[in-house]
There are 2 protein chains.
Amino acid sequence: MTTRLARKPADSRFALKRDRMLKAAAFCFNQKGYSGTSLKDVADQLGLTDAALYYYVRNKEELVYQCYLRAAEVGREAMDRAVSDGGNGFDQVRRYLRYHVEIMVGDRGPVAIMSEIPSLKPEHRDEVLALSRSHSTRFEAMLERGIADGSIAQCDVRMTGNAIMGALNWIPKWFHGDATIAQNIVDEFPHILSSGLKS
Amino acid sequence: MTTRLARKPADSRFALKRDRMLKAAAFCFNQKGYSGTSLKDVADQLGLTDAALYYYVRNKEELVYQCYLRAAEVGREAMDRAVSDGGNGFDQVRRYLRYHVEIMVGDRGPVAIMSEIPSLKPEHRDEVLALSRSHSTRFEAMLERGIADGSIAQCDVRMTGNAIMGALNWIPKWFHGDATIAQNIVDEFPHILSSGLKS
DNA sequence: CAAAAAATTTAATCCAGATTAAAATAATGG
DNA sequence: CCATTATTTTAATCTGGATTAAATTTTTTG
């Protein structure tokens with residue numbers, strides 16, 4: 001018990017391997033679904049044994065939880081950058097979209113689709129839901145700023161947010177790492193998802 | 001063995017109950033995820049025992065499979081109606097969107113999110129994938145007709161299709177039956193998802 | 001190089017939830 | 001009503017994959 005918990009939080013060897021594991025897990029979950037991927041599937045991708053994963057994570061539930069935290073982080077990061085870039089509401093939205101897809105299809109990916117939030121344990125579920133709602137709220141606020149400053153046409157921000165987020169969240173369902181398509185997504189998605197907003 | 005298979009295909013008592021079961025299953029799967037829903041969860045919603053479900057379906061895999069067939073059918077139906085309504089490409093797209101969301105949030109719903117296709121057995125998986133691809137292809141063709149007839153602006157139809165389908169497919173993740181919101185979706189989504197296409 | 005700590009594996013358990021078989025109840029048709 | 005078929009339940013079994021403990025190998029460090 002002087003093992004994991006005794007570590008410095010910043011132990012990079014551990015953190016790096018753990019991050020590789022989370023990516024592998026996200027990949028499997030997105031491909032084969034939660035139920036369809038066993039710990040062995042994830043371990044195989046890393047050249048490890050299923051039991052080895054327990055060195056990094058308490059159990060499968062926590063593996064999912066960590067994947068979702070990571071996914072939420074990616075969204076928040078894109079949002080933060082877009083906001084700090086300034087500009088009018090429309091520009092911020094478009095930048096957010098670009099940053100988010102760039103991260104998703106880039107080497108930070110794959111990002112897990114949050115399909116199994118309800119099967120997380122209550123504390124984890126609540127935390128992830130809170131992060132998720134917070135992100136949606138920030139996006140809706142961004143849309144409202146755009147409407148206020150005249151760069152975005154009047155619209156139902158809740159529904160518009162749901163539509164755009166859905167399109168983003170679905171990407172990992174059909175994108176599986178092909179570099180050409182990745183470039184395509186980055187080139188097209190920000191425009192596709194924002195062009196309808198112009199006032 | 002003179003039971004199920006001896007039935008007339010149109011035996012309405014059986015078909016109706018089975019359909020109720022598929023809706024209950026879709027509801028559970030969308031809420032709690034595939035792994036998170038046991039057959040008991042589905043049975044509880046119907047006031048039945050888990051074992052009773054086996055009267056209608058061979059096993060859990062087939063339950064999912066049937067849910068997905070039903071989801072595919074809903075999409076095809078909306079597409080068929082929109083096409084047969086005629087008009088230019090843009091009008092057809094907008095109508096397709098309206099029909100599809102109407103069905104999804106209406107009493108034909110809930111429609112299962114196809115998150116677990118890979119865990120279907122090969123024959124089923126291939127069939128569902130084929131249906132799914134066929135639907136996407138038809139939608140892309142619709143976009144191309146719109147571009148050809150000048151009602152839709154030049155765009156990458158593949159990416160645009162992916163974006164719009166993603167937004168649609170994600171709806172069951174956040175819509176859970178509230179009638180007010182259902183109306184909202186029907187009122188807003190077709191416009192939100194098509195306004196960016198105008199040429 | 002020799003502890004000590006970190007990382008992984010081997011080899012069992014363990015268990016929720018799927019599945020099955022037989023029995024019981026409900027519906028239906030003559 | 002009776003007989004037959006449809007539907008559901010009860011009460012087991014069965015099982016894949018998660019989990020655990022102990023042993024083993026690898027890495028670090030003084």
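Reminder, nothing fancy here: chain letters follow the sequence lines and each chain counts from 1.
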Across the strands shown, which category fits B:Thr37 at heavy-atom distances under 4.0 angstrom: base, sugar-phosphate, nothing? sugar-phosphate

So that I can tick it off, tell me whether A:Arg76 and A:Asp80 are bridged by a salt bridge, with the cut-off set at under 4.0 angstrom between side-chain N and carboxylate O. yes

Atom-pair distance (NZ on B:Lys121; P on D:dG16), nearest Å: 16 Å

Could you check which of C:dT8, D:dT9, C:dA7 has an atom nearest any side-chain atom of A:Phe14? C:dA7

Looking at the side chain of B:Asp50, which of C:dT19, D:dT19, C:dT9 is the nearest nucleotide? C:dT19

Between C1' on C:dA18 and CD on B:Glu62, what's the gap in Å once rounded to a whole number? 14 Å

Of all the choices, C:dT9, D:dT27, C:dT20, which nucleotide is nearest to the side chain of A:Arg13 once you look at every atom? D:dT27

Answer with yes or no whether the side chains of A:Tyr68 and A:Glu127 bring together a donor and an acceptor at under 3.5 Å. no

Check the distance between C:dG17's P and B:Leu63's CG and give it to me in whole angstrom. 16 Å

Proximity to the side chain of A:Leu39 - top-ranked nucleotide from D:dT19, C:dA27, D:dT8: D:dT19

Given A:Glu61, which partner from the list A:Gln66, A:Arg125, A:His124 fulfils the side chain to side chain donor-acceptor pair (under 3.5 Å) test? A:His124

Does A:Lys17 have a side-chain nitrogen or oxygen under 4.0 Å from the phosphate oxygens OP1 or OP2 of C:dT8? yes

Over all strands shown, is A:Ser38 touching base, sugar-phosphate only, or nothing at heavy-atom distances under 4.0 angstrom? sugar-phosphate

Think A:Tyr55 has a side-chain N or O under 4.0 angstrom from the OP1 or OP2 of C:dT8? no

Could you check how far OH of A:Tyr34 sits from P of D:dG17, rounded to whole Å? 13 Å

Between D:dA6 atom P and B:Leu53 atom CG, what is the distance in whole Å? 19 Å

I need the NZ-C1' distance between B:Lys40 and C:dC15, as an integer number of Å. 17 Å

Between P on C:dA16 and CG on B:Asp41, what's the gap in Å once rounded to a whole number? 14 Å

According to a strict under-4.0 Å criterion, is B:Tyr54 in side-chain N/O contact with OP1 or OP2 of C:dT19? yes

Going by salt bridge (Lys or Arg N to Asp or Glu O under 4.0 Å), name the pairs with one or both residues in residues 102-121 of chain B, residues two or more places apart or in two chains. B:Glu77-B:Arg108, B:Arg98-B:Glu102, B:Lys121-B:Glu123

Atom CZ of B:Arg18 and atom P of D:dT8: how far apart are they, to the nearest Å? 14 Å

Provide the full list of salt bridge (Lys or Arg N to Asp or Glu O under 4.0 Å) pairs with a residue in residues 174-199 of chain A, sequence neighbours left out, each pair given once. none

Does B:Tyr56 put a side-chain nitrogen or oxygen below 4.0 Å from OP1 or OP2 of D:dT8? yes

